[in-house]
Structure formats: C-alpha cells, structure tokens
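Have a look at the structure below, then the notes.
Every heavy atom of this structure was used, including side-chain atoms; hydrogens, water molecules and symmetry mates were not. In listed order, ligands and their atoms are each counted from 1. This one's a predicted model, so the numbers in the text were calculated from it and none came from an experiment. Numbers here simply count residues along the sequence, with the first being 1.
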Amino acid sequence: MVLTGMKLWIGIDDTDSNKGMCTTYLAVLLIEELEKTGAKLIGFPRLIRLNPTIPYKTRGNGAVSFLIESNKDIGEIVDLVDEIVLSHAMLDDDNTNPGVVFVENDNRAIDFLSKFAFKAVRDVISLDEALFLIGKFMLPHLKYKKGRGLIGALASIGLDLYDYTLELLAYRKPEKFGSKREYDKESFFEADKKTYPKTFDTVDWHNKEVVCVPNSPDPVLFGIRGEDIHALKEAFEIVKTEPIDKYMIFITNQATDMHLIHYNEIEKLENYRSYILKGEVIDKYEIQGGHVFIVIQTPFGEVKCAAFEPTKQFRNIVRKLERGDVVEVYGSMKRNTINLEKINIVELAKIFIEENPICPVCKKRMESAGRNQGYRCKKCKTKSKEKIVKIKPREIEEGFYEVPPRARRHLSKPLVRMNVEKKHIFR
Ligand code: ATP
C-alpha cells in the first residue's frame, strides 16, 4: 500500500543499558536514515520523561517519538526501523526490552494515547495495557524480547505537552563512546552566565559543577535545557568541547512537574508515585551519611520526607524546620518516603523560648534565686519573679526552596520557571 504524504508518528523506548546507547541517539539515527529515503521530519522530536520511580528504567525513564511525512509504504518504514534497532539497541542486556510503535497522525488512537501517556508519567502501567491499545487500534509495532518499551513508545507519542521545555542534545563521535568526555568546564559557566534563565541546569554555581555533561558511557556529550531555541543555540556556540558528531533539539516535558499528583486529587498514598503533600512538621532527624529527614502529619497519616546527601545545601533548609511548621512537600514516594525535590514553607510556627530576666540596673541577665524563689541580680540586689518568654528568631523564611541543579530530577520544575512568590533559588 503506497500512502502519498502519509504523516506517521514513530515512538520508541527501552533501547539502552548501563553499558551504552541512548534512545534519543537511536531516534536521531532513525530520523537520518528515514530522511535518506525522502521522509521529512515535522517539528521537533519529543523526549518524554515518564514515571521517575519505575524500577526497570536505565537512567531517566525517557522515551522518544517523532512525526515524519513520507511517501514510502509503511511496511518499508517498519523494516528500516527494525534493521536499525536490531543493529544498535543493547539487546544482550536482560533489562533492555525495546518497543517501537507506528501511529498515523489521523488515527483516533491519538486521543486514547494522551490518557495513557499521562498515566505513564504519574502511575504504573502494565505491558498488557499497552498491548490492549495496540490491538484495539491495530497499530503496527515492533516488539523485542519482553517488549516493555512499547509502554514508553506509546506514551511518548500520546503525551499532551500543555507545558514543555526544549533540550539541545549534542552527541559524541562514535569512536569516543565509553571514553572520558573532554570539555572546558569554564565555558559551560560562561554559557550559563550569558543565557540563564532562558537556559537552566547547565551548571551548579554553588557546588561548582557542570551538570549537563553525563558520566555514563552513552553517546550524549551534553544537553542544554531551556525555554527558547535561540538561547539554546547561543549556549551551544559558547561551550568548548571535544568534536561534536551531531546534535538535535528535542521538545520535552522536562522541568514541568508533570509527574506530581496534588493532595486534592487522591485518597491514599502509594509508593512509585510522586506527590505534592501538605502537612505539619512533627519530627526531624539526621542519619549517618548526611541524610536529613522530617516527618509531617498529613490527612493521609504521618509521612517521612528525605533530603538526601546529594541535595547538599538544600538540607540546611530542612535542618532549620521545627515542629509545628506547615509545609508543602514535592517529590516521589519510594519505601514510604518522599524524596524531596522542593519544599514550600507555608507557615513558620511561633516557637517560644524562656530566658532569665534582665537586671533593670546593670542590664545583665539575672540568675536563679533558688527553687521557686524567682531571679535576682547579686550585684544590684534587684529581683524578679518570672522568666521572660520570647519568640525564637527563625533562621529561615517562608516560601519555596528547591534542591540545587546537581540534584534536580528531569521532571522537576525549577523555581525559576515557577510563577510563585517568595522563591529561594539555589543556582
Ligand atoms: P532509555 O534511554 O533506554 O529510554 P531509560 O532510563 O529511559 O533508558 P528504559 O531503558 O527506557 O529507561 O526503561 C524504562 C522502561 O519502563 C521502558 O520499558 C518503559 O516502557 C517502561 N515504563 C516507562 N514508564 C512506565 C510506567 N509508568 N509504568 C510501567 N512501565 C513504564
């Protein structure tokens, strides 16, 4: 069947492993090969981050889709994609189970996919649910091994990007894959200075780290994130690195908080979901390794929240919280603990402290005159019955605080993108 000018979505996921590859890179290879057959890429490819707590993810639970216009037979396109996936996906790894889905742009499946995709970002989906949709709409697809990637493949096509950001991903020369990345650290700080806040999370100033260059053995050299294509390109021109093989700009749901479920929407809490919860601080403690915890009382019961060591200076905010403070916490729930991404201190509790009274003559603090005897100043012979009650000065103020860029999760919305008051930004 020859379809003139057919517009086709191709979604792909689960092609990489800890040993190499990256689904975004495989998608770029697919786009290049399809373009050689005369196909045209429409718009930006989409890099969609799904539920960040899913245990079988390799790194950031990202899936990719793109729209092409082609005069080729759909069977030919499927064969070409199959060939490229077979030669590049890390199929030897037990945890790599690729899936590719093909959906024509006018297929009514698209409407159903948006609901499925939203669930894939916030909830846990079974492979059967993906196979059911594929069957219902008779979607051409490629399934390798367990084919778990079909979940992400469908979701990456379907997600409604009601909020989005862009990421420019630069890739290494293939002969460099697996070796140490060469780049000039300073140039990334320079790029940030020139383009922030239109780009963000390139570097972490406080912790003096470049955060947009990965350490894993995949083909990515760096990724510049931002709001605006011109700012991405400006930053791209400034950074100095080893030779770049190719680059691609993706539209993404990164930095949107799309994974967070608001407390008004739920009746109970479950692990492997991410939430915004409101509650009152009832406990605070620290464990070895520098991990700081608070426990908050919420309508769902007591909830433990963690600021782990990698969140660095953010922990100092959590350390300064006291019993009675009302907070909103943002983060994913695993092992019955919210891993804090952000916190909104809604109301600081008034904490009363008692002090010995001051001598009205010499202005020094009085001392106890004995059990139930009140207070006195030995020198001036002044006396007072009561302690003075004072409000403890708090070392933090109300408002929003976030983890620094080095600890940011892909889906977390940095405060610089949020339209809220009283923001405390860690850059
Ligand atoms: P890659 O670069 O290969 O995409 P990754 O870190 O994004 O690496 P994957 O290797 O894709 O992780 O593994 C994630 C797997 O989890 C995929 O098979 C995907 O289909 C599946 N998955 C994603 N979201 C969900 C979800 N909400 N429920 C169940 N499975 C999911």
Closest protein heavy atom (residue, atom, distance) for [atom]:
{"atom": "atom 14 (C) of ligand 1", "value": "Asn61 OD1, 3.4 Å"}
{"atom": "atom 15 (C) of ligand 1", "value": "Asp14 OD2, 3.8 Å"}
{"atom": "atom 16 (O) of ligand 1", "value": "Tyr56 CD1, 3.5 Å"}
{"atom": "atom 6 (O) of ligand 1", "value": "Arg59 N, 2.5 Å"}
{"atom": "atom 25 (C) of ligand 1", "value": "Ile54 CG1, 3.7 Å"}
{"atom": "atom 12 (O) of ligand 1", "value": "Thr58 N, 3.0 Å"}
{"atom": "atom 29 (C) of ligand 1", "value": "Ile125 O, 3.0 Å"}
{"atom": "atom 31 (C) of ligand 1", "value": "Ile151 CG2, 3.8 Å"}

Practice task
Classify the angle between the aromatic ring planes of Phe308 and His291 as parallel (below 30°), tilted (30 to 60°) or perpendicular (above 60°).
Solution key: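 Perpendicular, since the angle between the ring planes exceeds 60°.
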
Problem - Aromatic ring pairing Phe222/Phe236, orientation class (parallel under 30°, perpendicular over 60°, tilted between) - result: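 It falls in the tilted class, 30° to 60°.
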
Exercise for the section: Find all atoms of ligand 1 within a distance of less than 4.0 Å from any non-hydrogen atom belonging to Thr15, and give their numbers and elements. Expected result: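 Counting atoms of ligand 1 from 1, those under 4.0 Å from Thr15 are 3 (O).
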
Exercise for the section: State the atoms of ligand 1, each with its element, that fall below the 4.0 Å cut-off from a heavy-atom position in Asn51. Expected result: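 Taking each heavy atom of Asn51 in turn, ligand 1 has 27 (N) under 4.0 Å.
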
So do the side chains of [X] and [Y] get within less than 4.5 Å of each other, counting heavy atoms only?
{"X": "Thr311", "Y": "Leu340", "value": "no"}
{"X": "Lys246", "Y": "Leu29", "value": "yes"}
{"X": "Leu139", "Y": "Leu133", "value": "no"}

Exercise for the section: Examine the side chains of Thr241 and Arg172 and answer whether a donor and an acceptor come within less than 3.5 Å of each other. Expected result: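 The answer is no; no qualifying pair exists.
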
Under 3.5 Å between some N or O of ligand 1 and some N or O of [X]?
{"X": "Gly60", "answer": "yes"}
{"X": "Thr23", "answer": "yes"}
{"X": "Leu50", "answer": "no"}
{"X": "Asn95", "answer": "no"}
{"X": "Asn97", "answer": "no"}
{"X": "Gly62", "answer": "yes"}
{"X": "Val124", "answer": "no"}
{"X": "Gly152", "answer": "yes"}

Handout entry: is_close_aromatic(Phe300, Tyr275), centroid dist under 6.0 Å
Key =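 For Phe300 and Tyr275, the ring centres are not under 6.0 Å apart.
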
Problem - Lys NZ or Arg CZ of Lys278 over Tyr263 ring: under 6.0 Å, within 45° - result: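 Ring-cation test returns no.
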
Practice task
Find the distance between CG (Leu47) and CD (Gln254) and round it off to the nearest 0.5 Å.
Solution key: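 The distance works out to 4.5 Å.
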
Exercise for the section: Could you tell me whether Asp13 approaches ligand 1 through its side chain, its backbone, both or neither, with non-hydrogen atoms closer than 4.0 Å? Expected result: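 For Asp13, the contact with ligand 1 is made by the side chain alone.
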
Exercise for the section: Apply side chain to side chain contact (heavy atoms under 4.5 Å, CB included) to Ala63 and list each qualifying residue two or more places apart in sequence or on a separate chain. Expected result: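 Expected list: Asp13, Leu50, Ser156.
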
Practice task
Quick one: do Tyr171 and Thr24 satisfy side chain to side chain donor-acceptor pair (under 3.5 Å)? Show the steps, please.
Solution key: CA-CA 10 Å; Tyr171 299 102; Thr24 69; 2.7 Å; yes

Exercise for the section: Work out whether the distance between some heavy atom of Gly149 and some atom of ligand 1 is less than 4.0 Å. Expected result: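 Distance cut 4.0 Å: Gly149 passes for ligand 1.
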
Practice task
Give me the one residue out of Asn105, Ile157, Leu41, Leu8 that meets side-chain contact (heavy atoms from CB on, under 4.5 Å) with Leu67.
Solution key: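 Testing Leu67 for a side-chain contact (heavy atoms from CB on, under 4.5 Å) against Asn105, Ile157, Leu41, Leu8 leaves exactly one candidate, Asn105.
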
Practice task
Just jot down the side-chain hydrogen bond (donor to acceptor under 3.5 Å, both in side chains) partners of Tyr144, sequence neighbours excluded, or say none.
Solution key: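 For Tyr144 the side-chain hydrogen bond (donor to acceptor under 3.5 Å, both in side chains) partners, ignoring immediate neighbours, are Asp82.
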
Practice task
Select the closest option to atom 8 (O) of ligand 1 among Asp16, Asn18, Val64, judged by heavy-atom distance.
Solution key: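 Closest candidate by heavy-atom distance is Asp16.
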
